[in-house]
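One structure is given here, and the rest of the page talks about it.
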Amino acid sequence: MPHVQPADQKTGDIAALLLAHYDVHARDLPWRNRPGEGLPAPYHVWLSEIMLQQTTVAAVGPYSRKFTERWPDFSALAAADEADVMAAWAGLGYYARARNLIKCARAVAVGHGGQLPATEAGLLTLPGIGPYTAAAIAAIAFDQRAVVVDANVERVVSRLFAISIPLPAAKPIIREAADAITPGIRAGDFAQAMMDLGAGICSVKAPSCMLCPLQSHCDAFGLGNPEAYPVKAAKKAKPTRRGTAYWVEREGEVYLVTRQDKGMLGGMRSLPDDGWNSRTNGDGKAPFTASWQHLDNIVQHEFTHFTLSLRIAVTALGSDANPPGGGMWWPVKSLDKAGLPTLFTKVAKAVLASGER
DNA sequence: GAAGCGTGGGA
DNA sequence: TTCCCAAGCTT
């Protein structure tokens, strides 16, 4: 049975109170239009929503500006060199998003006449757009009523209705409750207001209930334990994996490879490695025979689901030497433009500081 | 349904 | 330090 009543006094009040609060306190974000400017461009909404997946507003800001300046619309992004896009995304993480970003831009340019579909169902067919993003774009860019549920909304809703079933089992109930409080007009503003509320007042820890426009409607506040929601299942322990990265230098240039599209850091330029991944240690075998010098310091890097403890091996080659494989030589002085994932940026920094070269 | 997939910041 | 988490999607 549903935990939440159909549209009643409480659910109707919530939208009105939240929208009134939003009209005064909405955050001014680069991808948002100011009041009175109408709906933001679908391209800008889409780009920001993809970047914001599992990523903080602060981290997205510079990337959003960089991308919209360099690729101002779908056709520009669809025509971009893939390596340029991947390099521009470097450091933002979850690189499958960048691969899907290119696929999606090309699908829009080729299959949809350069226009993003204006419906949730249409948006869901595109690469990198799932249930949350489809609803968010439909509401924010196309002013359609859509039930937008992200981690902020899950937190706010689970507190409003004191939902004690743990996530992820509670997702259907939370969605039902979010549907019940979503208004028929201003769905985009409502969605963004919920997310602003979750990002600020209704925070994970120590929520500012005294500032909350929904305080009087919040069951968790009434119970005195808002921080207890949402209830979550216990997490698994994070393993540590070991591996090696190889720094091969020849006349001021370092040898880089492009990783295969699937898996960790897929599609990104990287240093050669010994095959480490989230499940296994690297085999410690160098890509070719040379007089490798192992650095003393180990690079520790935290991924979401494992810790990597990485050794670094360094060698220098003569001018005529060539390692096997289809990599590329990259000038060390402009390594910052290679678009390396943060892990390998750390490795490069360690090598350059070591003097072993 | 669960696992895989980055990174940086806050407490 | 250590843990948790962020405007999730794909397989």
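Naming convention: chains lettered A, B, ... in sequence-line order (proteins, then strands); numbering from 1 in each chain. As a basis for the values below, the full set of heavy atoms in this structure was taken, side chains included, without hydrogen atoms, waters or symmetry mates.
Evaluation of the side chain to side chain donor-acceptor pair (under 3.5 Å) rule for Arg27(A) yields Asp196(A) as partners, not counting sequence neighbours. Not a single side chain to side chain donor-acceptor pair (under 3.5 Å) links Asp81(A) to another residue, sequence neighbours left out. Qualifying side chain to side chain donor-acceptor pair (under 3.5 Å) partners for Arg269(A), counting only residues two or more places apart in sequence or in other chains: none. Ser158(A) is linked by a side chain to side chain donor-acceptor pair (under 3.5 Å) to nothing, counting only residues two or more places apart in sequence or in another chain.
Although no hydrogens or angles enter the test, the distance criterion places a donor-acceptor pair under 3.5 Å between the side chain of Lys346(A) and the main chain of Gln300(A).
Close to dG4(B), at under 4.0 Å from its OP1 or OP2, lies no side-chain N or O of His305(A). Regarding contacts with the backbone of dG4(B), a side-chain N or O of Arg279(A) is found under 4.0 angstrom from either OP1 or OP2.
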N/O donor-acceptor pairs under 3.5 Å from side chains in residues 110-117 of chain A, not counting sequence neighbours:
residue: His112(A); atom: ND1; partner: Ala107(A); partner atom: O; Å: 3.4

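When the P atom is compared between dA7(C) and dA3(B), the two are found 23 Å apart, to the nearest whole Å. Taking atom C1' on both nucleotides, dC9(C) is separated from dG1(B) by 15 Å, rounded to a whole Å. Comparing the C1' positions of dC5(B) and dA6(C) gives an interatomic distance of 14 Å, to the nearest angstrom.
With rounding to whole Å, Tyr63(A) atom OH is found 10 Å from dG6(B) atom C1'. Atom CZ of Phe306(A) and atom C1' of dA3(B) are 13 Å apart (whole Å). Taking atom CZ of Arg259(A) as the reference point, atom P of dG6(B) lies 9 Å away to the nearest angstrom. Arg241(A) places its CZ atom 14 Å from the C1' atom of dA3(B), with the value rounded to the nearest Å.
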What N/O pairs connect the protein and nucleotides 7-10 of chain B at under 3.5 Å? Give each pair on its own line.
residue: dT7(B); atom: OP1; partner: Tyr95(A); partner atom: OH; Å: 2.7
residue: dT7(B); atom: OP1; partner: Thr342(A); partner atom: N; Å: 2.7
residue: dT7(B); atom: OP2; partner: His301(A); partner atom: NE2; Å: 2.8

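Contacts of Trp31(A) with the nucleic acid, taken as non-hydrogen atoms under 4.0 Å apart, include base atoms. Nucleic acid contact for Met264(A): sugar-phosphate only, since backbone atoms but no base atoms lie under 4.0 Å from a heavy atom of the residue. Within the 4.0 angstrom heavy-atom criterion, base atoms lie near Arg27(A).
Note: Phe303(A) and His301(A) meet the aromatic proximity criterion, with ring centroids under 6.0 Å apart.
Taking a heavy-atom distance under 4.0 Å as the criterion, the stretch of DNA chain C touched by chain A extends 5' to 3' from dC5(C) to dT10(C).
A salt bridge links Glu302(A) and Lys238(A); the closest N-O separation between the charged side-chain nitrogens and carboxylate oxygens is under 4.0 Å.
Mapped onto DNA chain B by nearest heavy atom, Pro168(A) and Gln53(A) fall at different nucleotides, with Pro168(A) at the one closer to the 5' end.
Grouping Ile, Leu, Val, Met, Phe, Trp and Tyr residues whose side-chain heavy atoms lie under 4.5 Å apart, directly or via other members, leaves Ile298(A) alone, with no other cluster members. Cluster partners of Tyr94(A) are absent, since no Ile, Leu, Val, Met, Phe, Trp or Tyr has side-chain heavy atoms less than 4.5 Å from it. Through side-chain heavy atoms spaced under 4.5 Å, either directly or across other Ile, Leu, Val, Met, Phe, Trp or Tyr residues, Leu317(A) is tied to Tyr246(A), Val248(A), Tyr255(A), Val257(A), Phe288(A), Trp292(A), Trp329(A).
Contacts of residues 124-138 of chain A with DNA chain C (heavy atom under 4.0 Å): Pro127(A), Gly128(A), Ile129(A), Gly130(A), Pro131(A), Tyr132(A), Thr133(A).
Identified under the salt bridge (charged side-chain N to carboxylate O under 4.0 Å, His left out) test for residues 139-154 of chain A, with sequence neighbours left out: Arg145(A)-Asp179(A), Glu154(A)-Lys171(A).
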